[in-house]
2 protein chains.
Amino acid sequence: MTDTPALSAPSFRPLYDQIKILITQSLIGGEWKPGEAIPSEIELAARYQVSQGTVRKAIDLLAAENILVRRQGKGTFVSTHTEPKTQYRFLRIIPDGSEKVNPTTTFIDVKKNRASAEIARALDLKLGAPVMSIRRVLVFAGKPVILDEVVISAALVPGLTMEKIQESKGSIYSFFETAYGLRMIRAEERLTAVPANEFAAAHLKVRKNAPLLCVDRIAFTYGDKPVEWRRGLCLTEGYSYYNELA
Amino acid sequence: MTDTPALSAPSFRPLYDQIKILITQSLIGGEWKPGEAIPSEIELAARYQVSQGTVRKAIDLLAAENILVRRQGKGTFVSTHTEPKTQYRFLRIIPDGSEKVNPTTTFIDVKKNRASAEIARALDLKLGAPVMSIRRVLVFAGKPVILDEVVISAALVPGLTMEKIQESKGSIYSFFETAYGLRMIRAEERLTAVPANEFAAAHLKVRKNAPLLCVDRIAFTYGDKPVEWRRGLCLTEGYSYYNELA
DNA sequence: GAGTGGTCTAGACCACCCC
DNA sequence: GGGTGGTCTAGACCACTCT
């Protein structure tokens, strides 16, 4: 989905693709921060010495990947997880039959751990590397619906504590973005059905072995670098995982 | 996702959008059939009296929706579910850790039914309207993995029998396409975790009440018209539902 | 009114496919 | 070589937002 600058040259690289990479590098370098406007198409065209149409196409691609957001008459902005409309962009659990509703979060604990084999493989870390593990419950309309565990390399989130997360309000990606400049660009999920273990049963207030939706996620930052592993256990009575296929 | 020509005029409709609608109407009318090439951009530009760039943008949009497929040097083609590469386009269940594999199908029965409230609502039919119901098992590498029921208005598939489907080989959408000219463009799915009932347990060879992934789908044809309702029960040991978030 | 993204055009040239 | 889609340009004009 996202591009890989890659060493294996595709034998021909369109100009707009090169511009796209240059813009991406400026985003990685922090020249333009989430929520801010990037320079206008005309300015970028002058800067890169190409036509406006070529810049336009590069921006079109980045907008299609939700990395940039166009707003007519105002400018082009760097995507962010901190705005109300987009803070739960990756959350696909919604109430049956009704509109998407944002949950509130209750934290269980925030601990330092060592990467298991599964997590080390997913996040491209060494086995046993230090990671932070965040466990929490997402509550929809007063009802606990998702129990999840978020795991991220400790090196990426120095000084992380439960208190800091709780102060931040909003989604955890919003927190990662503002506190550590860590931006989640895309994610891959794998869903399975599992019986509730005791821990999940207690937190979600269901009986042990009740069927739960297990959502495993790996989230990526720029350059398709995996940075977060997550497992969510969701009860699906009154709620379901919504997906569009095209 | 797909456009609605709509009566509520958006106060301004770009030319490329109008061209897109004209092309879509030709697709609905059957002027160009699945798998065939549509006229070249230059021809279409002449036909609609617009520039090639405008036709190009209209085709870009249709290609982004997987309604058309571009092939450099050859032409632009109408998408189809009949080719090996695309016949299981909407199937998201894949083996853990390995590549996508196409399943084989075992049919259980094909019956005429009356639309339940749920199905009538989903397919925009009258309660009790005649529908065809197809039940089958999808088998991956010798192992039964999905038990599903496909429901479609009987009016859309006259003379449907199990024998006809079995003769057709390939996916059921491929069959609908070739036998009835019915083309599935997009779909919405809702996933839940449910305990296996006796019927599912027997067909998937799991114990009763084992957790299964329940995948409810509504599939749409041109003009966002819902035409198929489907419920799949999937065992998720060794298999999972894969999804990309952007 | 000035500035931004959005549309539309016309034309040149490139990459790919097939004859 | 001739056809197709793909890239790139330059310029005109439109729609939207803010001041």
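Because the structure is a prediction, the values reported are computed rather than measured. Excluded from the calculations below are hydrogen atoms, water molecules and symmetry mates; all remaining heavy atoms, backbone and side chain alike, are included. Order of the sequence lines fixes the chain letters, A, B, ..., with proteins taken first and strands second; residue numbering starts at 1 for each chain.
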query: Separation of A:Asp60 atom CG from D:dG6 atom C1', in whole Å?
result: 15 Å

task: Indicate the atoms forming the closest heavy-atom contact of A:Thr192 with B:Tyr239, along with that distance.
output: CG2-O, 3.8 Å

message: Quick check for you: among D:dC18, C:dT7, D:dG6, whose closest atom lies nearest to any side-chain atom of B:Phe12?
response: C:dT7

field: B:Leu22 and B:Gln25, any side-chain heavy atoms less than 4.5 Å apart
entry: yes

field: Below 4.0 Å: OP1/OP2 of C:dT7 and any side-chain N or O of B:Lys57
entry: yes

message: Whole angstroms only, please: what is the CD-P distance between A:Gln52 and C:dT9?
response: 17 Å

query: Under 4.0 Å between a side-chain N/O of A:Lys74 and OP1 or OP2 of D:dC18, yes or no?
result: yes

- prompt: Given atom CG of B:Leu15 and atom P of D:dC13, what is their separation to the nearest angstrom?
  reply: 17 Å

field: Distance-only donor-acceptor check, side chains B:Tyr241 and A:Asn243, under 3.5 Å
entry: yes

statement: Against the side chain of B:Gln72, the closest entry in C:dA15, C:dT9, D:dT4 is C:dA15

- request: Report yes if a side-chain nitrogen or oxygen of A:Thr76 is closer than 4.0 Å to either non-bridging phosphate oxygen (OP1 or OP2) of C:dG5; otherwise report no.
  value: yes

Can you give each donor-acceptor pair under 3.5 Å made by side-chain atoms of residues 157-167 of chain A, sequence neighbours left out, with the distance rounded to 0.1 Å?
{"unit_1": "A:Thr161", "atom_1": "OG1", "unit_2": "A:Lys164", "atom_2": "N", "d": "3.3"}
{"unit_1": "A:Lys164", "atom_1": "NZ", "unit_2": "A:Gly159", "atom_2": "O", "d": "3.0"}

- request: Take atom CG of A:Leu44 and atom P of C:dG3, then tell me their distance rounded to the nearest Å.
  value: 17 Å

- prompt: Can you tell me if the side-chain N/O atoms of B:Thr54 get under 4.0 Å from OP1 or OP2 in C:dT7?
  reply: no

message: What contact category does B:Arg56 fall into here, base, sugar-phosphate, or nothing, at under 4.0 angstrom with non-hydrogen atoms?
response: base

Atom pair distance, as rounded to whole Å: CG in A:Leu61 and C1' in D:dG6: 13 Å

- prompt: For A:Tyr16 and C:dC14, what is the distance between atoms OH and P respectively, to the nearest whole Å?
  reply: 17 Å

task: Measure the distance from OH on B:Tyr48 to P on C:dT9 and round it to the nearest whole Å.
output: 14 Å

- request: Taking A:Ser79 for its side chain and A:Asn66 for its backbone only, find out whether a donor-acceptor pair lies under 3.5 Å.
  value: yes

- prompt: For DNA chain C, whose closest nucleotide is more 5', that of A:Glu43 or that of B:Gln49?
  reply: A:Glu43

field: Protein-nucleotide distance (B:Ile59, atom CD1; D:dT4, atom P), rounded to Å
entry: 12 Å

query: Is the B:Phe176 to B:His81 ring centre distance short of 6.0 Å?
result: no

Positions of residues 27-41 of chain A (non-hydrogen atom under 4.0 Å from DNA chain C), listed by number: A:Ser40, A:Glu41

query: Less than 4.5 Å apart, any side-chain heavy atom of B:Tyr180 and any of B:Phe175?
result: yes

- line: Assign each of A:Gly73 and A:Gly53 the nucleotide of DNA chain D bearing its closest heavy atom; nearer the 5' end lies the nucleotide of A:Gly53

- prompt: salt bridge (charged side-chain N to carboxylate O under 4.0 Å, His left out) with B:Glu228: which of B:Lys225, B:Arg230, B:Arg231?
  reply: B:Arg230

- request: Report yes if a side-chain nitrogen or oxygen of B:Arg70 is closer than 4.0 Å to either non-bridging phosphate oxygen (OP1 or OP2) of D:dG6; otherwise report no.
  value: yes

